[in-house]
Amino acid sequence: MAAFKRPGELSASAFGLSFADRDAGSAAPPPIYNKNERLALTEQLLYLVEAHATTVVVGETGSGKTTQLPQYLHEAGWTGGGRMVACTQPRRVAAMTVAARVAEEMGCRLGQEVGYAIRFEDVSTPGVTRLRFCTDGVLLREMMDDPLLQKYSVVMVDEAHERSLATDVLLGLLKKVQRRRPDLRVIISSATIEAEAIARFFDTSNVRRPVGHVEALPAEGQPPSRSPALMSLEGRMHSVQVHYLETSTSNYLQSAVEAAIAIHKDDQPGDILIFLTGQDECEAAVKLLDEEGRRLQRSRLKWRLQPVALYAGLPATHQLAVFEPAPRGVRKVIAATNIAETSVIAATNIAETSVTLEGIVYVIDSCFAKQRCYNPLTGLESLLIAPISKASAQQRAGRAGRVRPGHCFRLCTEDDYESKLPASTVPEMQRSDLASTVLQLKSLGIDNIMSFEWLAPPPAETMVRALETLHALGALDGDARLARPYGTQMAELPLDPPLARMLLASGQMGCTAEVLTVVAMLRFAVAEGDLISYLNVWKAWEESGRSKKWAIANYVMHRSLLRAADIRNQARLWPRVCAAAWLQAHLRRLGIKPSSALDGASAFDQEALATVRKALAAGLFINAAKLTDELQVKLSDQEDSGASVYRLVRSAGGEAAAAKLRIHHSSVLFRCRPQWVCFYAAEQNDTGWYEMRDILAIESGWLTELAPHMYRLAPVNTQMRR
DNA sequence: GAGCACTGC
């Protein structure tokens, strides 16, 4: 393969690497769709928004689209007449930080003309706020009260190319809303790769026009064109030279470490970012680099190597440390998971600001990532290491070009890159459990789920499974319509349907306090330790005069509050406490009174405990499993043997029955081997076993009692079947 | 003995 070099740029061999060089494919400029070249960019955008119901904006990193576009719209009068401009983000921190920056640029106080809304928090003032930044999930929730989004004149969906579940649902709904509200303008910002597909999706004009066609302005009082406009904004990115392996590697971790060392030896300053798939790999890479670095130092290399790991599970303080610039004479090597792929990395646990990785000049890409897969036949999820998409690889490469021209080393051959990596990542919509999404759509009055227009239709099996799950939980009736009261109540609760169902059951069984705690633990235990949420609880407690009564009523531990008064860095312990108080408010709104089964009872009161367990089982009965006589066969010396085998109860045959389940090692029930269990989550690991997590031991009779529509006693033996 | 790509309401 011919090496291609630009003057002044180094080839891979300059780093002592046997990589094939190739000119920066990732830095190739996107196609320009702007037609009216005589108009300034601002005017051009405003023209398109005026003339088209939908405008797709291809904005490169650094184009300022997120912060600038809403301000242009504000200045142009789109926030007049009491209406607002919404700008949605896939992540909470992004919504907060972008709002803060725009408020600063506009010289107003956050929460006044410019505000934001995320879970737990609404920093906006009705009647005053004109630009509202929020997560796409928040806007979806808002649609339950305001299905046509009457409060907004424009909705801008940012980072649509990430194709998160919430973004895809929102785009489908926005298309629907546009039919009823021709005046609504939708702006979608996306990377090049997804832009045309999104534009085609929103095209409801019956005339086939080339993508990017520019319409004339509508006459006064007339609706805009229904064929979308497409426009690109150029960013400030440096070129990135891409290198491929000449022969493929069987150990990308080792290859990554070798590549990093080779770059380091070359002595060109600039930090290195390595993309790996998980925590283990990141830690292993750091260890190897550390050893290698010490060896190099002994050989008197003047640059010191400073390897650090970066993944979401890392304590907040460690995460923040990664962002500190390396001292002079030190080269940082960051071994990171996918967390480093998105443009902005958040350190929410510490501060409400986002941080970007600065100083990266070299990217080493394993070209793999862990991907969630959902199997609708078993209803179980698995996490598999899979090759990333080309779109994803380009995004990763782009991280090398922020400060100056950079290099990206892909740990695969160019042939493999071209032939084995898919063009784009399968949208989350097509590899997730959709029970929650279907419930949300049903509560928005979309009864015919199967004919909903999706940007990427999910597998039919997944839809059927979602309907079955919701029916089993009592959220849908026999005609798949929202059932009262469970369906409407479950839709109100911002939780997975099984968790919502157990909360509702706890109201009837008199143990909301205990179930609230369990749900908060399951859902928020490892979630972000958001300082602001913490402050909300703190403020409410202060306002109550630091009342112990308030703390008890809100399921906040009074002693923790007192301790927190002294110890600020305990904030990480807070989310679950916060979540319980927040869920309690939701229950109150549904008219469910607080109750407790264990209050006053001894901690070992079996009867009281059984009440709580039954309430939990009311949400989990779909995932019931029975102990079998089999013991896991010892397949190899390394493999753990002797683990008990469980089978799903819900299906007598087929794939679900074939699923081999075992209790996860971490479970306290691992050695107990209860006959009957329910579980909240099971994940397939690389040995093919599904490991049950968050397990509850149940009595067999509970299944027929709680879910007679799903389980009945088999006449011959005790085996349950649907 | 031992675990979790990344988000979100």
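Worth knowing before you read on, the calculation uses all heavy atoms, side chains too, and leaves out hydrogens, waters and symmetry mates.
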Integer-rounded Å distance: [N] [atom2] and [X] [atom1]:
{"X": "A:Leu384", "N": "B:dC6", "atom1": "CG", "atom2": "P", "answer": "16 Å"}
{"X": "A:Tyr374", "N": "B:dC6", "atom1": "OH", "atom2": "P", "answer": "22 Å"}
{"X": "A:Glu691", "N": "B:dC4", "atom1": "CD", "atom2": "P", "answer": "8 Å"}
{"X": "A:Asp168", "N": "B:dC6", "atom1": "CG", "atom2": "P", "answer": "21 Å"}
{"X": "A:Glu381", "N": "B:dA5", "atom1": "CD", "atom2": "C1'", "answer": "12 Å"}
{"X": "A:Phe275", "N": "B:dA5", "atom1": "CZ", "atom2": "C1'", "answer": "13 Å"}
{"X": "A:Arg396", "N": "B:dA5", "atom1": "CZ", "atom2": "C1'", "answer": "10 Å"}
{"X": "A:Leu139", "N": "B:dT7", "atom1": "CG", "atom2": "C1'", "answer": "17 Å"}

[X] bridged to [Y] by N-O distance under 4.0 Å:
{"X": "A:Glu683", "Y": "A:Arg372", "value": "no"}
{"X": "A:Arg91", "Y": "A:Glu162", "value": "yes"}
{"X": "A:Asp122", "Y": "A:Arg132", "value": "yes"}
{"X": "A:Arg465", "Y": "A:Asp433", "value": "no"}
{"X": "A:Glu381", "Y": "A:Arg431", "value": "no"}

Counting side-chain heavy atoms from CB outward, which of B:dA5, B:dG3, B:dG8 is closest to A:Arg693?
B:dG3

Counting only side-chain heavy atoms from C-beta out, which of B:dA5, B:dC6, B:dG8 sits nearest to A:Ile339?
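Taking heavy atoms from C-beta onward, the closest nucleotide is B:dC6.
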
Which part of the nucleic acid does A:Gln279 contact within heavy-atom distance under 4.0 Å: base, sugar-phosphate only, or nothing?
base

Using OP1 and OP2 only, check whether a side-chain N or O of [X] sits under 4.0 Å from [N].
{"X": "A:Arg372", "N": "B:dT7", "value": "no"}
{"X": "A:Arg141", "N": "B:dC9", "value": "no"}
{"X": "A:Thr135", "N": "B:dC9", "value": "yes"}
{"X": "A:Thr337", "N": "B:dC6", "value": "yes"}

Can you work out whether A:Gly278 or A:Leu493 has the more 5'-proximal nearest nucleotide on DNA chain B?
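Final value for this comparison: A:Gly278.
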
For A:Lys370 and for A:Gly137, locate the closest nucleotide of DNA chain B by heavy-atom distance; then report the residue assigned to the nucleotide nearer the 5' terminus.
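Its nearest nucleotide lies further toward 5', so the answer is A:Lys370.
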
Looking at the angle O4'-C1'-N9-C4 for a purine or O4'-C1'-N1-C2 for a pyrimidine, is B:dC6 syn or anti, with syn meaning within 90° of 0?
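Because its glycosidic torsion lies more than 90° from 0, B:dC6 adopts the anti conformation.
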
